[in-house]
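Quick notes on the structure that follows.
Quick caveat, the model's predicted, so the values are computed rather than measured.
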Amino acid sequence: MKKIQLLNKIAACGTDVFDKNLYEVAEDIQNPDAIMVRSASMHEMTFNPELRAIARAGAGVNNIPLDKCSEEGIAVFNTPGANANGVKELAIAALILAARDVVGGIEWAKTLAGNPDAAKAVEKGKSAYVGHELAGKTLGVIGLGAIGGMVANTATHLGMRVIGCDPFLSVNAAWNLSRSIEKGASFDEVFAKADYITLHVPATKDTKGMISEKTISMMKDGVRIINLARADLVNADDIKEALASGKVASYVTDFPTPDTIGVKGIVNIPHLGASTYESEDNCAIMAAHELDEFLTCGNIKNSVNLPNVSIPHTGAERVCLLHKNIPTTLGQITGIVAKYNVNIENMANGSRGEYGYTIVELGEALPAASEAEFAAIEGMIRVTYYN
């Protein structure tokens, strides 16, 4: 029986994916085959040798030591797109909060509690909270993946002109974009043209601090910035200085920090992007299916650290091999299979950086001695058989 450890509370609709005759799923599991996690930090954990996979029920994987997992042959999965609609809806709300001081108006209205002339006071005081409409304005979308693409498409229906940029845009993501969305040649072009800018990229060494004094200087006066992606994308000191000078009219973030809380012009949302019941359910279900498919037949889908390789399991046996990306490896693998005169019915291989993953679908089972031969190949990390 395979063992799944839960590091956080995972929606029951996700854990119910696992066949109870094949899996044991609980928080107090020892030596698990796989782990499901949401926000718990795993950087200080020691992984047991049996651990083969970690599934993050969400998109970000900053709480997981990816390099360590790769070195130990552990596949790390996330759930791209599962929470996209929830984040998209909050992004549209954030656009409105950036355009109109709804939050300030609500807080002011609270001060009228008990005032018998509150209705008159509202009519007199509401002019302090006059804002702008989104229709006719230009929205710049940085990152056009599952979330950014949905935000871009929805904004067009609000009457906005949309210009987007994503150097890593996939073919599938491109197919889902509205034809009316303009393609920016660079982030700088988007910064220069947009009245509103929304960020939908991961925090990497290339994107951290991408909103800074330098990039803000390229933007229109009075630009409004929305960040529901990661706090590190925006330099807090620079955004506060730009707000004070009027260069930036408002900043809405889903990542409050001591540097942003209480600052005039900043709306701090308490990390609610994916905090919907639907998003949590979708992420749990997707994560569970990813683990189930990997543990039962070795297919890798939506891994963030290893190659994504999958083929139908139709043969009598398959061997899945995780190895360093060395040119002679495939020849050695097929040579071992040929030595036993076993037919390869299907085969798939992929690489990601220094790691490679190979699936060999066989017409009949290999002798047990083959496992040691595969393991002896230079750079071999893990060999797993599936019947």
Side-chain angles (χ1 to χ4, degrees), residues 59-60 78 80-99 132-212 214-235 239 242 247-255 269 273-274:
N78 70 345
N83 59 13
N85 189 69
V87 180
K88 175 209 73 175
E89 291 183 358
L90 189 66
I92 299 305
L95 280 172
I96 295 170
L97 294 178
H132 298 272
E133 296 183 12
L134 298 176
K137 308 301 190 303
T138 298
L139 172 65
V141 182
I142 302 297
L144 292 165
I147 298 169
M150 293 178 74
V151 172
N153 288 342
T154 303
T156 65
H157 296 298
L158 297 175
M160 301 189 81
R161 172 196 175 197
V162 180
I163 178 171
C165 182
D166 189 335
F168 306 103
L169 183 66
S170 69
V171 173
N172 286 338
W175 273 107
N176 291 323
L177 291 175
S178 167
R179 293 176 60 186
S180 64
I181 295 170
E182 301 172 33
K183 179 178 179 292
S186 65
F187 292 159
D188 291 354
E189 180 183 353
V190 176
F191 293 151
K193 292 183 176 180
D195 302 302
Y196 294 76
I197 295 169
T198 182
L199 308 176
H200 300 284
V201 294
T204 67
K205 62 181 179 63
D206 296 320
T207 61
K208 286 182 178 180
M210 68 186 307
I211 303 301
S212 64
K214 177 182 177 182
T215 53
I216 291 172
S217 68
M218 303 175 186
M219 300 176 189
K220 292 182 177 181
D221 292 343
V223 65
R224 298 163 194 269
I225 300 172
I226 292 91
N227 176 19
L228 306 187
R230 283 292 179 267
D232 290 350
L233 300 178
V234 176
N235 182 295
I239 198 77
K247 177 68 177 182
V248 173
S250 59
Y251 173 51
V252 183
T253 178
D254 202 24
F255 300 92
I269 301 172

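Here the closest heavy-atom approach between residue Gly164 and residue Val190 is recorded as C-CG2, 4.2 Å. Looking at every heavy atom in both residues, Gly184 comes nearest to Cys165 through O-SG, 3.6 Å. Here the closest non-hydrogen pair linking Thr156 and Ile181 is CG2-CG1, 4.1 Å. Looking at every heavy atom in both residues, Ile226 comes nearest to Ala98 through CD1-CB, 4.1 Å. Taking all atoms of both residues into account, the shortest heavy-atom contact from His132 to Tyr196 is CB-OH, 4.1 Å. When all heavy atoms are compared, the tightest approach of Asn153 to Ser178 is OD1-N, 2.8 Å.
Looking only at side-chain heavy atoms (C-beta outward), Trp175 and Ser170 stay at 4.5 Å or farther from each other. Side-chain contact between Lys183 and Ile163: absent, with no pair of heavy atoms (C-beta onward) separated by less than 4.5 Å. Contact check for Phe191 versus Lys220: no side-chain heavy atoms found under the 4.5 Å cut-off. Between Val162 and Thr138, every side-chain heavy-atom pair lies at or beyond the 4.5 Å cut-off. In this structure, Ile197 and Met219 have side chains that are in contact, with non-hydrogen atoms separated by less than 4.5 Å. In this structure, the side chains of Ile269 and Thr253 stay at 4.5 Å or more apart for every pair of heavy atoms.
Rounded to the nearest 0.5 Å, atoms CE (Met160) and CD1 (Ile92) are 8.5 Å apart. Rounded to the nearest 0.5 angstrom, Arg161 CZ and Glu182 CD are separated by 4.0 Å. Taken to the nearest 0.5 Å, the NZ atom of Lys88 stands 4.0 Å off from the OG1 atom of Thr154. To the nearest 0.5 Å, atoms CG (Leu177) and CG (Asp166) are separated by 9.0 Å. Atom CG in Leu95 sits 9.5 Å away from atom OG in Ser250 (nearest 0.5 Å). The NE2 atom of His200 lies 2.5 Å from the OG1 atom of Thr198; values are rounded to the nearest 0.5 Å.
Between the side chain of Asn227 and the backbone N or O of Asp254, no donor-acceptor pair lies under 3.5 Å. Without hydrogens or angle criteria, Asn235 side chain to Ile211 main chain gives no donor-acceptor distance under 3.5 Å. A distance-only check finds a donor-acceptor pair linking the side chain of Thr215 to the backbone of Met210 [under 3.5 Å].
At a threshold of 4.0 Å, the pair Asp195-Arg224 does not count as salt-bridged, since none of the basic side-chain nitrogens sits closer than that to a carboxylate oxygen.
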Which pairs of donor and acceptor atoms, one on a side chain in residues 141-149, lie under 3.5 Å apart (sequence neighbours left out)?
none

